[in-house]
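Worksheet: one structure, shown below.
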Amino acid sequence: MNDHLIRVISDEANVRAMACLTTATVGEACARHRTSPTASVALGRALTGGVLLGALLKGRQRVALKFEGNGPLGKIVVEADPMCLVHGYVGNPAADLPLRDGRFDVAGALGHAGLLTVTKDLQLKSPYQGVVNLVSSEIAEDIAYYLTESEQTPSAMGLTTIPDDKGGIAVAGGFLIQSLPPANEAALEALTARIAAMPPLARLLFDGASPKDILDHIFGDIPYEILGHQDVAFHCGCSRDRIEQALITLGGDEIRKLADQPEDTVITCEFCREPYAFTPEELRRLADERH
């Protein structure tokens, strides 16, 4: 099953919902960053959460999530867009912790004290930014708390990432349920109860459940309408031209210092780990252009 997202709406419950499969997307990101098992789970959850938030946007809008904690992972940064294209990285991809009660200790790796910053580029004069404290450092609860508190949209989110025994990703995916005004309290209680009673998300995905199957579990006999499907993929917008522009901002003197080194200067994109090599001759040309 290819990575994809489904979006639905329920007039009866007055909620909108999305669910997605992100196994291959998370797998590519973790392979690029060579993450430890714990870091893979943390990054995978954040990437999937980014896909779900990005799918709420439209046009050329973008969203960025930055989790900063006091644990060994340091931070997680994710960027996504309405096309369900996403990329991200962790501060310390080698950070790893023992299992805690049989589960990956994402909260311990990220740290129990910290902040979640959500920045939305809505193609206005300046980006919108919201900041909340990390409430659990488990990623899903933190994003749901941000949506409920900062954007005043009652939300429930579930995210999962499970590594395999070969260093890859066995399954990854998630869902987002959001109440629309006016809230249907009875329907929200029913949905909350069904989410609490449903099998673990990872188990459903392991058993072959699709994003639609996940929503069927949550909605039960509450009818909903499918609004559309969308492919999900890892994508980074870096390019040699963008790296050149970043080098130019250093100034001619700094670029010439790099050019005086005997070996090529390699700039690596922190989001996708793609290396870009510049020879001394190319750097001198950039310095001359800057001048």
Side-chain angles (χ1 to χ4, degrees), residues 22 25-26 29-30 32-54 56-57 62-81 86-121 126-163 169 172-176 178 201-202 234 236 269-273:
T22 58
T25 301
V26 171
C30 291
R32 285 175 176 266
H33 291 283
R34 300 180 181 179
T35 45
S36 71
T38 306
S40 293
V41 175
L43 178 58
R45 291 181 187 177
L47 288 166
T48 305
V51 168
L52 292 165
L53 289 194
L56 295 172
L57 305 177
R62 297 185 61 82
V63 63
L65 294 82
K66 181 166 67 172
F67 301 83
E68 296 175 287
N70 62 352
L73 205 60
K75 64 181 177 180
I76 312 171
V77 180
V78 166
E79 293 184 356
D81 66 18
V86 65
H87 56 250
Y89 67 93
V90 293
N92 179 11
D96 201 18
L97 293 179
L99 295 180
R100 186 181 181 87
D101 299 325
R103 302 181 65 225
F104 287 96
D105 190 7
V106 172
L110 182 57
H112 294 279
L115 299 172
L116 165 59
T117 303
V118 179
T119 305
K120 291 185 177 182
D121 180 1
S126 58
Y128 164 83
Q129 189 172 87
V131 183
V132 295
N133 290 317
L134 295 175
V135 293
S136 72
S137 299
E138 294 283 355
I139 309 300
E141 293 176 57
D142 301 294
I143 297 176
Y145 177 76
Y146 158 79
L147 291 169
T148 301
E149 294 297 316
S150 187
E151 297 194 3
Q152 302 298 303
T153 306
S155 305
M157 177 176 280
L159 302 170
T160 189
T161 294
I162 303 296
I169 300 299
F175 66 82
L176 172 64
Q178 290 194 304
L201 188 56
F234 178 92
C236 183
C269 174
E270 62 183 350
F271 280 104
C272 68
R273 307 309 298 168

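Quantities reported herein were computed from a predicted structural model and do not represent experimental measurements. Both backbone and side-chain heavy atoms feed into the values below; hydrogens, waters and symmetry mates do not.
Inter-residue side-chain proximity for Met157 and Leu52 is flagged as met; some heavy-atom pair is nearer than 4.5 Å. Looking at Val26 and Leu43, their side chains never come closer than 4.5 Å, going by heavy atoms from C-beta outward. Contact of the Val86 side chain with the Val78 side chain is registered, since non-hydrogen atoms from C-beta on lie closer than 4.5 Å.
Nearest heavy atom pair, residue Leu159 against residue Gly49, reads CD2-N, 3.7 Å. Shown here for Cys30 and Ile169, the closest heavy-atom pair between the two residues is SG-CD1, 4.1 Å. Taking every heavy atom of both residues into account, Gly174 and Thr48 meet most closely at N-CG2, 3.7 Å. Of all non-hydrogen atoms in Glu270 and Arg273, the two that sit nearest each other are CA-NH1, 4.0 Å. Here the closest non-hydrogen pair linking Gly50 and Leu65 is CA-CD1, 4.0 Å. For the residue pair Pro127 and Thr119, the shortest heavy atom distance occurs at CB-CG2, 3.9 Å.
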Enumerate donor-acceptor pairs with a distance under 3.5 Å from any side-chain N or O in residues 96-118 to protein atoms, sequence neighbours excluded.
residue	atom	partner	partner atom	Å
Asp96	OD1	Thr38	N	3.1
Asp96	OD1	Thr38	OG1	2.4
Asp105	OD1	Gly108	N	2.9

Tell me which donor-acceptor pairs under 3.5 Å the side chains of residues 139-148 have, and how far apart each pair is, sequence neighbours excluded?
residue	atom	partner	partner atom	Å
Asp142	OD1	Val135	N	2.7
Asp142	OD1	Ser136	N	3.1
Asp142	OD1	Ser137	N	3.3
Asp142	OD2	Ser137	N	3.0
Asp142	OD2	Glu138	N	3.1
Asp142	OD2	Ile139	N	3.0
Tyr146	OH	Glu151	OE2	2.5
Thr148	OG1	Ala144	O	2.9
Thr148	OG1	Ser155	N	3.2

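Atom CG in Asn92 sits 11.5 Å away from atom NZ in Lys75 (nearest 0.5 Å). Phe271 CZ to Arg32 CZ: the interatomic distance, rounded to the nearest 0.5 Å, is 13.5 Å.
Between Tyr89 and His33, the two ring planes are tilted [angle within 30° to 60°].
A donor-acceptor contact shorter than 3.5 Å is absent between the side chain of Arg62 and the backbone of Asp81. Between the side chain of Ser36 and the backbone N or O of Ala39 there is at least one donor-acceptor pair closer than 3.5 Å.
Using a 3.5 Å distance cut-off with no hydrogens or angles, the side chains of Gln178 and Thr153 do not pair a donor with an acceptor.
Sorted by first then second residue, the salt bridge (charged side-chain N to carboxylate O under 4.0 Å, His left out) pairs that include residues 127-137, not counting sequence neighbours, number zero.
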Go through it in stages, so that I can follow the logic: the residues are Val41 and Ile162, the test is side chain to side chain contact (heavy atoms under 4.5 Å, CB included), and I'd like the CA-CA distance, side-chain angles, deciding distance and then a yes or no. CA-CA 6 Å; Val41 175; Ile162 303 296; 5.8 Å; no
